[in-house]
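Structure, as structure tokens:
All figures in this text were calculated on a predicted structure; none of them were measured in a lab. Computation of the quantities below employed the complete heavy-atom set of this structure, encompassing side-chain atoms and omitting hydrogens, waters and symmetry-equivalent molecules. All chains are named by letter (A, B, ...) in the order of the sequence lines, taking the proteins before the strands, and each is independently numbered beginning at 1.
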Amino acid sequence: MRLSQLFTKTSKMIPADETARNAQLLIQAGYIYKVMAGVYAYTPLGLRVVENIKQIVREEMNAINGQELIMSNLQPREPWETTGRWDDKVVDIWFKTKLKDETELGLAWSHEEAIVEMMKQYISSYKDLPVSVYQFQTKLRNELRAKSGIMRGREFIMKDMYSLSANATQHDDYYNLVIEAYKKVYGRLGLTDTYVTFASGGAFTKFSHEFQTVCEAGEDAIYLHRGKNIAINEEVLNEESLSQLGVKREELESVKSSEVGNIFNFGTDKSKKMNFSFTNEAGEKQFIHLGSYGLGITRVMGVIAEKFADEKGLVWPEAVAPVKVYLARLGDTSEVVKQADELYNRLTAERVEVIYDDRDTRAGEKFADADLLGIPYRVVISDKTVANNSYELKARQAETSQQVSIDNLLKTLGVTD
RNA sequence: CGGGGUGUGGCGCAGUUGGCUAGCGCGCCGCGUUUGGGACGCGGAGGUCGGAGGUUCGAGUCCUCUCACCCCGACCA
């Protein structure tokens with residue numbers, strides 16, 4: 001995209017109504033727009049990051065046979081009443097509204113009951129199992145207090161997946177597959193500092209698993225065992241859990257972290273309440289084992305922004321960056337313009353995504369914007385580079401730039417002939 | 001929800017004990033000079049001070065109510 005045409009602008013000022021670093025930077029750089037407390041719009045740049053994160057998650061969920069769908073935000077009350085979760089006293093984060101005829105509706109904060117209600121229509125035999133479905137959805141939660149920018153809002157994008165299994169073994173097999181898939185996701189996102197964490201499990205099981213990324217701005221406190229690559233949420237840190245996991249308290253390191261994923265085993269608890277059953281080989285009625293697997297897309301974006309940013313601005317890992325290259329054209333002599341246009345067209349044709357800074361502004365401003373936006377590579381074309389018959393390349397985190405030939409430039413940017 | 005704080009051009013801020021046409025920086029528009037780390041000069045546009053009510057000769061400054069935002073806590077499948 002040509003920067004001269006992008007409607008968003010960067011700002012030199014830090015927004016006064018945000019203290020969370022992720023929100024400050026994302027707003028300053030023009031990735032998000034604050035609508036109200038805990039509610040943000042995603043601008044073209046921000047949307048690209050969201051979509052990149054989603055695509056990585058999508059690929060890994062598809063790889064374990066997840067079937068993508070999309071549920072509705074408007075929720076009828078009945079399915080939620082069967083599990084006792086319609087009552088505001090039980091679930092205090094409901095947003096509710098009404099139809100013109102006064103029928104009460106909920107705005108989805110989760111889709112567990114909704115998915116079960118839908119799947120009841122399709123699943124009736126052991127031959128239909130196991131099956132796994134997922135979606136990317138905007139969840140609405142009436143949090144008492146929004147905070148931490150996009151890391152905890154009232155409206156946020158989440159990937160939620162649900163597995164349906166015929167028995168505990170089938171469920172466990174899939175559950176473990178998901179753990180591995182999640183590890184791949186965080187690895188690809190650059191969040192290598194993420195730990196499978198034992199946390200409180202709810203009704204059916206002793207523990208659930210959280211995926212916690214070490215992050216100062218996070219809301220959780222975990223105790224991690226770097227050697228074994230596991231962690232324990234402080235809420236379940238006790239002798240019992242320690243012995244079960246085979247670790248000693250003094251081996252654990254206490255860190256702040258952000259919960260970027262949480263997976264649950266519901267067993268047959270919910271399917272019993274909602275009468276969700278199938279017929280097995282012997283013709284007997286059995287309840288379905290359910291698993292729920294959440295992954296906060298926009299929270300991940302916030303954590304990445306927060307973790308990698310430096311004093312100059314954002315630093316996106318290549319896998320999620322809105323574009324790979326920031327092409328800065330310095331000056332407007334005909335040869336510079338020609339070369340810059342050509343490179344822009346060439347890279348675009350090669351499917352390398354580029355922000356082409358074709359604005360009539362000074363070098364310092366372009367460099368500052370390239371840094372603030374956090375684009376992985378900066379390429380400069382100027383009278384100097386034209387005279388040298390070279391291109392200037394600098395990685396976002398590199399100290400200095402280097403002059404490279406067109407071949408080396410394309411190679412570094414992943415263009416192969 | 002308890003406690004604390006803040007609302008003044010698009011953004012960031014200043015506005016003495018109430019007192020003259022409400023200022024500054026950034027940004028924006030025009031002209032010129034500049035042109036490798038957020039340039040400079042000159043000339044402009046833009047606010048009725050979150051909202052409502054009140055006190056007063058007079059309110060951005062005081063009072064009441066209200067809305068919004070931020071922080072701490074509580075909460076957090």
- request: Measure the distance from NZ on A:K147 to P on B:rG4 and round it to the nearest whole Å.
  value: 19 Å
message: Rounding to an integer number of angstrom, what distance separates B:rG44 and B:rU8 when you compare their P atoms?
response: 27 Å
- request: Using atom NZ of A:K9 as one end and atom P of B:rG27 as the other, report the distance to the nearest whole Å.
  value: 14 Å
task: For A:E392, report the nucleic acid contact type (base, sugar-phosphate, nothing); a contact means any heavy atom under 4.0 Å.
output: base
query: Are A:Y31 and A:R48 side-chain neighbours, meaning at least one heavy-atom pair lies under 4.5 Å?
result: no
message: Heavy atoms only, 4.0 Å cut-off, all strands: where does A:K34 land among base, sugar-phosphate and nothing?
response: sugar-phosphate
Salt-bridge contact A:E51-A:K54 (side-chain N to carboxylate O under 4.0 Å): yes
field: Candidates B:rG25, B:rG73, B:rG37 - which lies nearest the side chain of A:M13
entry: B:rG25
message: For the C1' atoms, the ones on B:rC26 and on B:rG50, what distance do you get once it is rounded to whole angstrom?
response: 23 Å
task: Check every atom of B:rG38, B:rC75, B:rC70 against the side chain of A:D17 and return the nucleotide holding the closest atom.
output: B:rC70
message: Using atom P in both nucleotides, what's the gap between B:rG7 and B:rG15 to the nearest angstrom?
response: 10 Å
- request: Decide, yes or no, whether a salt bridge links A:R2 with A:D341 under the criterion of side-chain N to carboxylate O below 4.0 Å.
  value: yes
message: Please name the nucleotide paired to B:rG32 by Watson-Crick or G-U wobble geometry with both distances under 3.5 Å, or report none.
response: B:rC40
message: By nearest atom, which of the nucleotides B:rG37, B:rC69, B:rA74 is closest to the A:A37 side chain?
response: B:rC69
Using residues 143-150 of chain A as the side-chain source, report each donor-acceptor pair under 3.5 Å to any protein atom, sequence neighbours left out, with the distance given to one decimal.
| unit_1 | atom_1 | unit_2 | atom_2 | d |
| --- | --- | --- | --- | --- |
| A:E143 | OE1 | A:R152 | NH2 | 2.8 |

message: Does the structure show a Watson-Crick or G-U wobble partner for B:rG12, both distances under 3.5 Å? Name it, or say none.
response: B:rC24
- prompt: Rounding to a whole Å, what distance do you find between A:Q24:CD and B:rC70:P?
  reply: 12 Å
- prompt: Atom CZ of A:F7 to atom P of B:rG27: distance rounded to whole Å?
  reply: 21 Å
message: Need one value for A:R378: base, sugar-phosphate or nothing, where a base atom within 4.0 Å counts as base even if backbone is also close, heavy atoms only.
response: base
query: With a 4.0 Å cut-off, would you call A:E180 and A:K184 a salt bridge?
result: no
- prompt: Base, sugar-phosphate, or nothing: which does A:E112 touch, judged by heavy atoms less than 4.0 Å apart?
  reply: base
message: The side chain of A:M36 is closest to which nucleotide in this list: B:rC75, B:rA74, B:rC69?
response: B:rC69
- request: Sort out the partner of B:rA68 for me: Watson-Crick or G-U wobble, both distances under 3.5 Å, none otherwise.
  value: B:rU6
message: Would you measure the distance from the C1' atom in B:rU17 across to the matching atom in B:rU56 and give it in whole Å?
response: 16 Å
- request: Take atom C1' in B:rG4 and the same atom in B:rG41, then report the distance between them in whole Å.
  value: 47 Å
Same-atom distance (P) from B:rA68 to B:rC29, integer angstrom: 35 Å
- request: For A:T19, report the nucleic acid contact type (base, sugar-phosphate, nothing); a contact means any heavy atom under 4.0 Å.
  value: sugar-phosphate
Residue closer to the 5' end of RNA chain B, A:Q28 versus A:E235 (nearest nucleotide): A:Q28
- prompt: Of the nucleotides B:rC75, B:rC72, B:rG38, which has the atom closest to the A:R152 side chain?
  reply: B:rC75
query: Whole Å only: how far is the CD atom of A:E234 from the P atom of B:rC76?
result: 14 Å
task: Give one of base, sugar-phosphate or nothing for A:A16, where a contact means two heavy atoms less than 4.0 Å apart.
output: sugar-phosphate
- prompt: Atom CG of A:D358 to atom C1' of B:rU35: distance rounded to whole Å?
  reply: 17 Å
message: Side chain of A:L144 only, heavy atoms from C-beta on: which candidate in B:rA74, B:rG38, B:rC72 is closest?
response: B:rA74
field: Base paired to B:rU55 (Watson-Crick or G-U; both N/O distances under 3.5 angstrom)
entry: none
query: Salt bridge between A:K384 and A:E392, side-chain N to carboxylate O under 4.0 Å?
result: no
field: A:D371 (side chain) and B:rG37 (base): donor-acceptor pair under 3.5 Å
entry: yes
message: Just the rounded figure in Å: distance from P of B:rG27 to CG of A:D369.
response: 12 Å
query: Taking the six-membered ring where the residue is Trp, are the ring centres of A:H209 and A:Y175 under 6.0 Å apart?
result: yes
message: Taking the minimum atom-to-atom distance to the side chain of A:K12, which one of B:rC26, B:rG37, B:rC1 wins?
response: B:rC26
field: 5'-most by nearest nucleotide on RNA chain B - A:K384 or A:N262
entry: A:K384
message: Is the positively charged end of A:R378 above the ring of A:F367, judged by distance under 6.0 angstrom from the centroid and angle within 45° of the axis?
response: yes
Residue matched to B:rU48 through Watson-Crick or wobble contacts both under 3.5 angstrom: none
- request: Write down the distance separating the P atoms in B:rG32 and B:rC70, rounded off to the nearest Å.
  value: 45 Å
task: Report which part of the nucleic acid A:I14 touches: base, sugar-phosphate, or nothing (heavy-atom distance under 4.0 Å, all strands).
output: sugar-phosphate
message: Distance check needed: B:rC76 P versus A:F156 CZ, whole Å only.
response: 15 Å
message: Strictly by Watson-Crick or wobble contacts shorter than 3.5 Å, is anything paired with B:rG73, and which nucleotide is it?
response: B:rC1
- prompt: Given the C1' atoms of B:rC11 and B:rG2, what is the spacing between them in whole Å?
  reply: 33 Å
Phosphate OP1/OP2 of B:rA39: any A:R362 side-chain N/O under 4.0 Å: yes
